[in-house]
Structure formats: C-alpha cells, structure tokens
Amino acid sequence: MKKLHLNSLFIKLAMSVLAGVVILAVSLSYINIYSSEQIFTDMFSDSQGKIFGQIEERFYQLYTDFAEIAKTVADDEAVRAYLASDRFDTAREQQIVYQMQMRVKETKIREYDNVTLFLAGCSGKSFIYNYADIISVPLSEIGAYPVTKEAAEHPGHLACKYMENGFTNTMKNQPVIIACRAIQNQSDEITGYVYLMIKESEIRSFYDYFLTGNSDIVVLNHSNEVISANNPCYFENGDASLNHLLDIVEKAKKSRIYHTSLRENGSCIHYLVQQFTNSDFVIAGVVNAKSTFYEEYDLYRNIATAVLIAAGIISLIFILVRRQTQPLYRLCISMREQKKRDFGEQVPVEGTDEIRELSQTYNEMIMDLRHYIQRVMETEKAKRAAELYALQMQINPHYIYNTLTGIKWLVMKGNSKKSVEMLDAFTALLRNTISNADEFITIGQEEINLKNYVKINKARYGNKIQVEFYIQESCRNAKIPKMILQPFIENAFFHAFPDERHGNINVLVQRKGDWLLIETADDGTGMPAERAAGMMSGAGRKEHFTGIGIRNIDERLKLIYGIGYGVQIESSKDCGTTVRVKIPYEEMNQDESCNIM
C-alpha cells in the first residue's frame with residue numbers, strides 16, 4: 001500500500017482527533033500530577049519531621065550516654081590518680097588499673113560494642129578499655145587533635161568532632177566521630193582526657209534507611225561542624241552546598257522557622273532544620289520533593305500506562321476514521337497508478353453516497369479511456385508495420401545495379417562458381433530484407449544476413465576489409481528488430497577505410513543480465529566526437545545500402561523498447577569507431593521462429 005500523504009483527508013482527520021486527545025490527556029495529566037505533587041510534598045515534609053524526631057531521639061540518647069560515661073570516668077578518683085602520677089609501685093598500679101576497669105565497666109559503655117574508650121594522661125600514661133585494640137598514633141599527636149584542644153578550652157564540656165581516620169588499629173582507616181572530655185584534679189588542673197570513639201557509619205545508620213535518592217541528612221555539632229552526613233561533599237570545607245546549608249541553618253536558628261522551601265535550578269528544594277534537645281547539635285535535611293515524588297510513585301510508569309491507554313483509544317479512532325475514508329483513498333490511489341497500468345482496473349463502488357457516485361463516474365471514464373487507448377495502439381502497430389515495409393523498400397537502386405553488374409562481370413570472366421556464390425548471397429539478402437515481412441529475427445539469422453552482405457562487398461571490392469563475428473552461443477536465439485545492424489557495417493565499409501585502406505570490423509554480441517549488448521567496432525579513420533553527435537541528431541546522413549540513418553535506428557529502438565534503450569556511438573580521429581546497441585534480452589519462441597525464412 002502506498003504511503004499516506006500529509007495532505008490526505010485521513011491524515012487531517014486523524015491528526016485533528018489526535019491533537020484533541022493529546023491536549024485533553026496532557027491537560028488532565030498535568031492537573032493530576034500537580035495536585036498529587038502538592039499533596040505528596042506536604043505529606044513528605046510532615047513525614048520527614050517525624051523521621052527527624054526519631055533520629056534526634058537516637059542521637060540524643062547516644063550523646064547523653066557519652067556525656068554520662070565521660071563524666072563518670074573523668075570524676076573517678078582511681079582514674080585521676082592513675083593519670084596524675086607515675087610513682088606508683090607495680091602492685092599499687094595494678095590495683096588502681098583494676099579499680100579503673102571496674103568503674104568503667106559499671107558505666108553504659110558495656111551497652112556499646114562498637115565504641116572505643118581511651119584515656120590519655122598528661123604524664124604520658126594511657127589506658128584503653130578494649131584489650132583487643134591498641135593505639136596506632138603517638139599520644140602527642142592525639143593531644144594536638146582539634147577535639148582535644150576544644151575539650152581543654154572548655155573543661156566540663158563534652159567536645160564532639162568528625163575525623164577522617166581514628167587512632168586505633170580497628171578504626172585507623174575509617175571516618176570516626178570522637179567525643180572528648182578533660183579530666184581535672186582537685187585543683188581544677190587538667191591531668192588527662194577521656195575519649196569515646198565511634199565509626200561515623202554507625203551514626204549514619206540512624207538515618208540511612210529513611211533516605212531516598214533525592215534527599216540528604218547532615219548532623220552538625222555546636223560549632224556548626226559536620227560530624228555525620230550521607231553525602232561526602234558536606235565534609236569538604238568550602239563546598240558550595242555545605243556553605244549554603246550552613247546559611248539556611250543559621251537563618252532557621254535566628255528566625256525559629258525550621259522548614260524552608262526554595263526554588264533552585266528549576267526544582268523546589270525543602271530544607272528542614274531541627275535542634276537537638278538540651279544541646280547545640282543540629283540535624284538538617286535537604287529534600288527534592290518533586291524528584292522524590294517521581295521516584296517514589298513511579299510516575300513515569302504511570303505516564304507510560306496512560307500513554308498506552310491513549311494509544312489504544314487513538315488507534316480505535318483511527319480505525320473508524322480509516323473505514324470512512326478508505327473508499328476515497330482507494331479511488332485516489334487508482335487514479336494515481338493508472339499511468340502505470342492499462343486502465344483495466346476499476347475501483348469498488350462503496351462508501352457514502354457522494355463517494356459511490358464519484359467511484360461510478362470514475363469507472364465509466366476508465367472504460368472510455370481503455371477503449372480509446374486500444375484504438376491508438378492498433379493504429380501505432382499498423383504505422384510501425386508500414387514503416388518497416390517502407391524501410392525494406394529503400395534499397396538503393398544504384399547498389400542493386402552495381403551488384404548485378406559485378407555478377408555479370410564475373411560471368412563474362414568465366415568465374416561461374418564465384419558468380420553463383422555472389423548471386424546466392426544477393427538473393428538471400430533480398431529475400432530476408434524485402435520478402436520477409438516479419439519485424440523481428442534472431443541473432444543467428446542476422447549473422448547470416450550480415451555475412452551475405454559482407455560476401456557481396458568482398459566480391460566487388462576485394463579482401464582489404466576483414467569482418468569477424470564474436471557471438472555468445474546463448475545469444476544466437478535472441479530476438480532483435482530486423483535491419484538494425486547492416487547500416488553500421490555499411491558505414492564502416494564505405495567511410496572507415498578510404499583510399500584502399502585495409503582494416504578490420506568486429507561484431508560482438510553478448511548478454512548482460514536482462515539486456516542484450518551488440519557492438520560493431522572498426523579500426524578505421526574514425527571521426528571527431530562532434531560529428532558522431534551530429535549523426536545521432538540526424539545531421540549529415542548518407543544514403544548507401546539501405547538508406548537508413550543511425551538516428552532512425554535509434555528512434556525505432558526507443559519506439560519498440562522505451563527511452564532507456566537505443567544506439568550509442570564512440571569515435572575519435574584515427575582511432576576507429578564503436579557503435580553499441582542496447583536492447584532487452586528476449587528469446588525468439590517457436591511460433592515466431594517458424595515465420596523466419
């Protein structure tokens with residue numbers, strides 16, 4: 001079936017319906033999505049607030065436990081005594097260490113298998129609660145940590161900071177959170193520090209399972225330093241996202257408005273800030289509610305489902321519209337294709353009353369055209385037969401006179417054998433050109449005619465010109481129009497070899513796929529390309545054996561086979577001439593062969 005044109009009735013009706021359905025579907029979808037998004041955003045923000053409450057509860061519990069453990073250990077007399085002096089004997093030191101272990105064991109540290117407790121004294125003594133772990137860095141380096149300095153500046157306060165690496169073997173290659181409290185003697189002098197260290201991933205586990213792919217959570221200490229975050233970019237000082245978040249947190253603290261929505265990069269971003277109870281720690285959340293909405297509710301799948309449903313409805317509408325326009329479309333296709341047919345196909349009379357009337361009128365017009373074309377074809381066929389007869393009658397009388405004179409001359413010389421051969425050749429040539437009324441002959445028959453013509457010319461003019469035939473065996477029964485090759489041989493005899501010049505004429509016949517190629521080539525004087533073109537245009541036509549010009553042959557072939565076939569001439573001065581004839585390959589059937597004499 002032919003492709004539909006954009007300007008066709010079916011396309012215009014279909015596109016109008018499609019446009020209406022699409023506009024309606026898009027409008028309803030947009031309203032539905034927008035309303036759902038607003039509802040989801042409000043619900044999601046409320047749920048995030050509740051999640052923050054759960055995270056705060058867990059983190060606050062951890063923080064208060066750390067503060068209690070650190071205070072208990074820092075206030076213990078055995079701890080103070082152990083870290084303050086290095087003059088104890090072995091027995092006394094063992095006794096104090098045992099007392100420390102018991103005191104530490106009584107704290108809530110026993111509830112945290114993932115927390116390391118470490119004591120470092122200013123005298124150089126240290127103690128680690130977990131015997132399976134050891135310190136991996138010098139005490140002097142630990143004393144230079146920012147968390148240690150902050151604890152020293154604020155005795156009685158639990159400092160808490162994030163570090164990229166811990167200082168024990170179990171945590172030295174992992175991000176950790178370290179809490180530190182200074183240990184003071186009776187004179188309020190700092191004698192050491194108690195450290196509580198936990199992996200940052202343990203803190204992140206408090207909120208990881210609440211996160212989606214479009215939200216972030218950041219935990220800040222009292223100095224607005226990040227101690228935990230799901231996104232690594234927030235741990236980088238100077239990061240634009242971190243600085244922006246810190247600004248949001250500061251504004252929230254001052255205004256006491258802890259839920260803010262901002263339009264950023266074409267999306268609505270929600271910021272939630274919550275300060276932990278009885279501490280300066282803050283948890284901040286960054287949520288892209290729109291992206292979360294699309295992700296959580298698989299909006300694209302729902303849109304795809306809606307598109308499929310709409311496609312089904314549109315297809316049904318297309319079928320209904322197509323059924324109404326199909327008769328008119330068939331009529332248009334038939335009218336467009338009639339130039340490739342014989343006006344024998346009629347369109348069905350169907351559809352609405354207007355289309356039925358149009359189809360009936362069209363069918364009647366096709367019948368009239370077919371009868372008219374048949375009459376024209378019969379007239380053309382008769383005209384072609386008359387032209388062929390006229391061509392057969394155009395043998396130059398001067399050539400006949402010269403041939404008969406040559407035969408007479410051979411008889412007078414007593415060369416009866418040669419005169420008989422010449423007479424037989426001449427008789428056969430006249431029989432196949434004048435007496436035979438068939439328009440087509442085989443390549444084999446044409447070869448016989450050409451050889452008879454060459455034999456006559458050799459008898460008159462000698463053997464200065466040699467003619468060779470190279471015919472593919474499979475082509476001998478190929479059908480060609482009569483009297484199309486003799487003019488080329490004649491032109492070569494009388495024009496290519498002047499002044500008794502010797503030369504050769506080669507006739508090549510071969511099959512090339514679905515067409516037949518015949519070449520007549522000579523090595524004579526040739527002609528300029530302009531003259532060869534003039535021969536094809538009809539200029540300078542000569543009268544010899546048949547009086548048929550090359551242009552006439554070309555026009556005759558195009559009349560029989562079509563514009564894509566005919567004669568081509570290639571020639572140049574002193575380099576000979578080649579004439580090519582290209583026609584469709586067709587074999588002579590048995591009935592036609594019987595008519596050939």
Side-chain angles (χ1 to χ4, degrees), residues 53-84 96-122 126-131 133 142 145-163 166-168 170-171 176-186 188-207 219-223 225 227-228 274-283:
Q54 297 179 32
I55 297 172
E56 178 196 2
E57 182 180 349
R58 295 189 63 182
F59 189 86
Y60 181 72
Q61 182 64 47
L62 176 68
Y63 180 77
T64 54
D65 287 348
F66 273 23
E68 181 182 338
I69 294 169
K71 184 177 185 307
T72 301
V73 173
D75 292 342
D76 186 68
E77 292 297 330
V79 172
R80 292 178 177 178
Y82 176 77
L83 298 178
I96 292 176
V97 170
Y98 176 76
Q99 291 175 357
M100 282 195 308
Q101 290 175 343
M102 292 298 100
R103 186 58 177 156
V104 171
K105 192 174 182 179
E106 291 173 359
T107 66
K108 290 186 177 182
I109 190 69
R110 65 182 182 276
E111 300 176 6
Y112 296 95
D113 296 333
N114 51 0
V115 175
T116 297
L117 186 146
F118 175 69
L119 302 176
C122 296
S126 63
F127 170 80
I128 188 167
Y129 177 69
N130 187 356
Y131 291 110
D133 205 359
I142 297 175
Y145 285 166
V147 68
T148 305
K149 293 181 179 180
E150 183 176 333
E153 293 174 359
H154 304 280
H157 171 77
L158 183 66
C160 186
K161 290 187 180 295
Y162 167 85
M163 292 186 62
F167 53 75
T168 67
T170 58
M171 299 187 185
V176 295
I177 295 175
I178 301 177
C180 179
R181 179 186 175 111
I183 301 175
Q184 297 174 287
N185 57 19
Q186 297 296 332
D188 292 335
E189 294 177 351
I190 296 176
T191 59
Y193 300 91
V194 56
Y195 297 91
L196 292 166
M197 185 165 54
I198 186 172
K199 296 177 182 178
E200 190 272 334
S201 59
E202 297 288 343
I203 304 299
R204 204 180 329 123
S205 67
F206 292 175
Y207 55 82
V219 181
L220 304 171
N221 63 12
H222 63 280
S223 300
E225 296 173 339
I227 61 173
S228 180
Q274 184 164 325
Q275 190 166 359
F276 291 167
T277 306
N278 298 325
S279 73
D280 293 331
F281 285 76
V282 171
I283 179 172

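By convention here, the first residue in the shown sequence is residue 1. The structure displayed is predicted, hence computed values, not measured ones.
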Taking the side chain as every heavy atom from C-beta outward, state whether F127 and V79 have any atom pair closer than 4.5 Å.
no
Take V115 and F66 through the side chain to side chain contact (heavy atoms under 4.5 Å, CB included) test and state the conclusion after the steps.
CA-CA 10 Å; V115 175; F66 273 23; 3.8 Å; yes
Nearest heavy atoms of A182 and A74, plus distance in Å:
O-CB, 4.0 Å
For the atom pair SG (C160) and CD1 (I203), what is the distance rounded to the nearest 0.5 Å?
7.5 Å
Let me confirm one number: the CD1-CG distance from I96 to D76, rounded to the nearest 0.5 Å.
10.5 Å
Considering residues at least two apart in sequence or located in another chain, which fulfil the side-chain hydrogen bond (donor to acceptor under 3.5 Å, both in side chains) criterion with Y193?
none
Who are the side-chain hydrogen bond (donor to acceptor under 3.5 Å, both in side chains) partners of E57, not counting sequence neighbours?
none
For the atom pair CD1 (I128) and CE (M197), what is the distance rounded to the nearest 0.5 Å?
7.0 Å
I'd like to know whether L119 forms a side chain to side chain contact (heavy atoms under 4.5 Å, CB included) with V73, so could you lay out the CA-CA distance, the side-chain angles of the two residues, the decisive distance to 0.1 Å, and finally the verdict.
CA-CA 9 Å; L119 302 176; V73 173; 3.6 Å; yes
Find out whether M171 and E200 are in side-chain contact, i.e. whether some heavy atom of one side chain is under 4.5 Å from a heavy atom of the other.
no
Just jot down the salt bridge (charged side-chain N to carboxylate O under 4.0 Å, His left out) partners of E202, sequence neighbours excluded, or say none.
none
Can you name the nearest heavy-atom pair linking D188 to Q184, along with the distance?
O-NE2, 3.1 Å
Is there side-chain contact between Y112 and L62, with at least one heavy-atom pair below 4.5 Å?
yes
Contacts of type side-chain hydrogen bond (donor to acceptor under 3.5 Å, both in side chains), residue T168, not counting sequence neighbours
D133, T170
Could you tell me the separation between the CE atom of M102 and the CE atom of M100, rounded to the nearest 0.5 Å?
11.0 Å
d(L220 CG, Y162 OH) to nearest 0.5 Å is 13.5 Å
Begin with the C-alpha distance, continue with both residues' side-chain angles, and end with the deciding distance and a verdict on side-chain hydrogen bond (donor to acceptor under 3.5 Å, both in side chains) for Y195 and T148.
CA-CA 9 Å; Y195 297 91; T148 305; 2.8 Å; yes
Could you check if a side-chain atom of I190 sits within less than 4.5 angstrom of a side-chain atom of I183, using non-hydrogen atoms only?
no
I'd like to check the side-chain hydrogen bond (donor to acceptor under 3.5 Å, both in side chains) partners of E68; sequence neighbours left out, ordered by chain and number.
none
Does Q186 have any side chain to side chain contact (heavy atoms under 4.5 Å, CB included) partners at least two apart in sequence or in another chain, and if so, which?
E77, R80
Residues in ring pair (Phe, Tyr, Trp, His ring centres under 6.0 Å) contact with F59, at least two apart in sequence or another chain
F276, F281
Min side-chain heavy-atom separation F118-S126 under 4.5 Å
yes
Listed by chain and number, what are the side chain to side chain contact (heavy atoms under 4.5 Å, CB included) partners of A70, not counting sequence neighbours?
L158, R181, V194, L196
By salt bridge (charged side-chain N to carboxylate O under 4.0 Å, His left out) - contacts of E225 (at least two apart)
K161
Partner set under side chain to side chain contact (heavy atoms under 4.5 Å, CB included) for E106, not counting sequence neighbours
R103
Which heavy atom in I109 sits nearest to a heavy atom in V104, and how many Å separate them?
CG2-O, 3.2 Å
Quick one: pull up CD1 in I227 and CD1 in I177 and give me the separation to the nearest 0.5 Å.
4.5 Å
Taking the side chain as every heavy atom from C-beta outward, state whether E150 and H222 have any atom pair closer than 4.5 Å.
yes
I'd like to check the salt bridge (charged side-chain N to carboxylate O under 4.0 Å, His left out) partners of R58; sequence neighbours left out, ordered by chain and number.
none
Residue list, salt bridge (charged side-chain N to carboxylate O under 4.0 Å, His left out) with K199, at least two apart or on another chain:
none
